[in-house]
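Numbers here are sequence positions counted from 1.
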Amino acid sequence: MFLRIIFVLLLGFSSAPATAAPAAPLQLAGDAPDSYTVRRGDTLWGISGRFLREPWRWPELWRMNREQVGNPHRIYPGQVLALDRSGPTLRVATPERLQPRVHEEGGARAIPSIPHHVIAPYLSEPLIVEEGALDAAPKIVATQEDRVFVGAGNTIYATGVESGAKSWQVYRPAQPVKDPRSGEVLGYEAVFLGSARLVRPGAPATLEIVSSKQEVGLGDRLVAAVTPDVITHAPHAPERDVEGRIVKIYEGVGETGRSHVVTLGIGRAHGLEPGHVLAIHRQGRAVTYSDPGEHRREDYTLPEERFGLVFVFRTFDRL
């Protein structure tokens with residue numbers, strides 16, 4: 001499988017240089033409302049789909065003065081989005097008030113781009129690093145009762161743990177992530193094993209394993225845990241053409257589906273950023289047609305087919 005960019009100004013492109021084409025007019029969704037009140041639990045992707053047939057073109061719909069409208073990446077429950085079909089354009093509806101005017105800002109958190117509970121583990125757990133980057137990280141030097149492997153509820157002892165951090169993530173030393181075609185190493189991914197909390201600082205420090213996805217053992221590394229930010233980037237197309245491949249599927253073997261997570265063999269170095277939307281294309285396969293009457297065979301290559309979309313929510317240099 002490989003990915004091809006969804007271009008605002010292009011219908012698509014091959015590996016040859018692309019030629020710019022006039023942008024197709026924005027197409028509103030058949031049941032696009034004249035206005036919509038943002039609710040808790042909404043996502044930017046879901047709201048954009050209410051207004052447009054091509055949700056990733058939402059920035060084009062949002063053409064109003066930013067000083068009046070605010071940041072389209074920061075939308076809060078209770079706000080009313082009004083659609084002007086003549087543009088079409090989208091804006092935050094501001095109710096008329098008697099003097100004196102009062103500026104209000106909701107205390108609610110901005111709604112996420114896509115369901116946060118689906119991607120939350122992948123905002124902090126998969127860790128892409130340079131080769132050898134975890135060599136100097138705190139390491140487990142002993143386990144409870146000298147067990148070979150331990151899990152949730154067990155005690156571990158580690159060196160290099162600073163007393164300032166209370167929560168830690170446990171990783172196995174990084175393994176290379178390779179391009180499936182060329183075999184080129186694109187980065188190194190440390191395998192997330194679980195989480196631990198500091199019980200007693202020292203050399204070594206004492207920690208308790210709070211949760212574990214895999215068994216934890218001697219030599220595994222610790223990284224201070226951080227609270228991931230909610231992704232609030234409006235869906236949009238990259239500004240330049242980019243093409244890459246799916247190089248890894250999480251929690252799958254060779255196939256995956258909606259709301260699952262994949263790793264792409266392209267990243268920040270290729271211009272990708274959170275919020276970018278890409279189309280998934282599958283290359284056409286070779287088929288042979290046999291004519292039973294004439295006893296001859298005909299070989300054909302089927303055209304590539306687009307069969308999905310991906311939303312970028314975390315980027316590394318080349319992944």
Side-chain angles (χ1 to χ4, degrees), residues 1-8 10 13 18 43-46 48 55-59 71-75 109-134 137 169 171 174-182 184-192 223-252 256 258-281 308-319:
M1 291 186 289
F2 68 98
L3 295 135
R4 177 160 294 170
I5 187 173
I6 301 170
F7 251 83
V8 173
L10 302 177
F13 63 90
T43 63
L44 292 177
W45 178 260
S48 62
W56 60 89
R57 296 182 66 180
W58 198 24
N71 189 343
H73 303 283
R74 295 285 180 179
I75 295 178
R109 198 173 190 180
I111 63 173
S113 303
I114 47 181
H116 185 68
H117 70 276
V118 174
I119 65 170
Y122 303 98
L123 290 173
S124 58
E125 292 177 5
L127 182 66
I128 304 297
V129 297
E130 297 292 335
E131 183 177 13
L134 292 181
Q169 292 177 321
Y171 288 93
Q175 299 297 316
V177 179
K178 299 181 179 180
D179 185 286
R181 278 191 147 186
S182 66
E184 178 186 7
V185 175
L186 303 175
Y188 291 81
E189 181 178 26
V191 179
F192 177 75
V223 175
V226 295
T227 302
D229 292 330
V230 175
I231 301 299
T232 58
H233 297 273
H236 58 288
E239 296 179 355
R240 63 178 183 178
D241 55 344
V242 61
E243 186 173 306
R245 291 184 176 274
I246 295 176
V247 298
K248 182 176 181 180
I249 297 175
Y250 286 97
E251 300 178 357
T256 189
R258 185 173 183 175
S259 295
H260 286 198
V261 176
V262 297
T263 298
L264 314 182
I266 45 179
R268 286 192 295 260
H270 305 86
L272 289 187
E273 63 184 35
H276 277 162
V277 180
L278 306 175
I280 307 174
H281 289 249
L309 297 172
V310 294
F311 186 102
V312 177
F313 65 84
R314 192 180 184 194
T315 59
F316 301 93
D317 186 42
R318 301 176 65 195
L319 291 165

Minimal non-hydrogen separation, [X] against [Y], with atom names:
X	Y	value
Pro55	Pro235	O-CG, 3.9 Å
Phe313	Ile231	O-CD1, 3.7 Å
Thr232	Ser113	C-OG, 3.3 Å
Phe311	His233	CZ-O, 3.8 Å

| Min side-chain heavy-atom separation Leu264-Ile246 under 4.5 Å |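 With C-beta onward as the side chain, the pair touches.
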| query | Taking the side chain as C-beta and beyond, is there a heavy-atom pair between Val177 and Phe316 under 4.5 Å? | reply |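 Heavy-atom side-chain distance check fails, nothing below 4.5 Å.
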What distance separates [X] [atom1] from [Y] [atom2], expressed to the nearest 0.5 Å?
X	Y	atom1	atom2	result
Thr263	Glu189	OG1	CD	6.0 Å
His116	Thr43	NE2	OG1	13.0 Å
Arg245	Asp179	CZ	CG	7.5 Å

Run the side-chain donor-acceptor check on residues 267-279: report pairs under 3.5 Å with partners two or more places apart or on a different chain.
residue	atom	partner	partner atom	Å
Arg268	NH1	Thr315	O	2.7
His270	ND1	Gly267	N	3.0
Glu273	OE2	His236	NE2	2.9
His276	ND1	Glu273	N	3.1

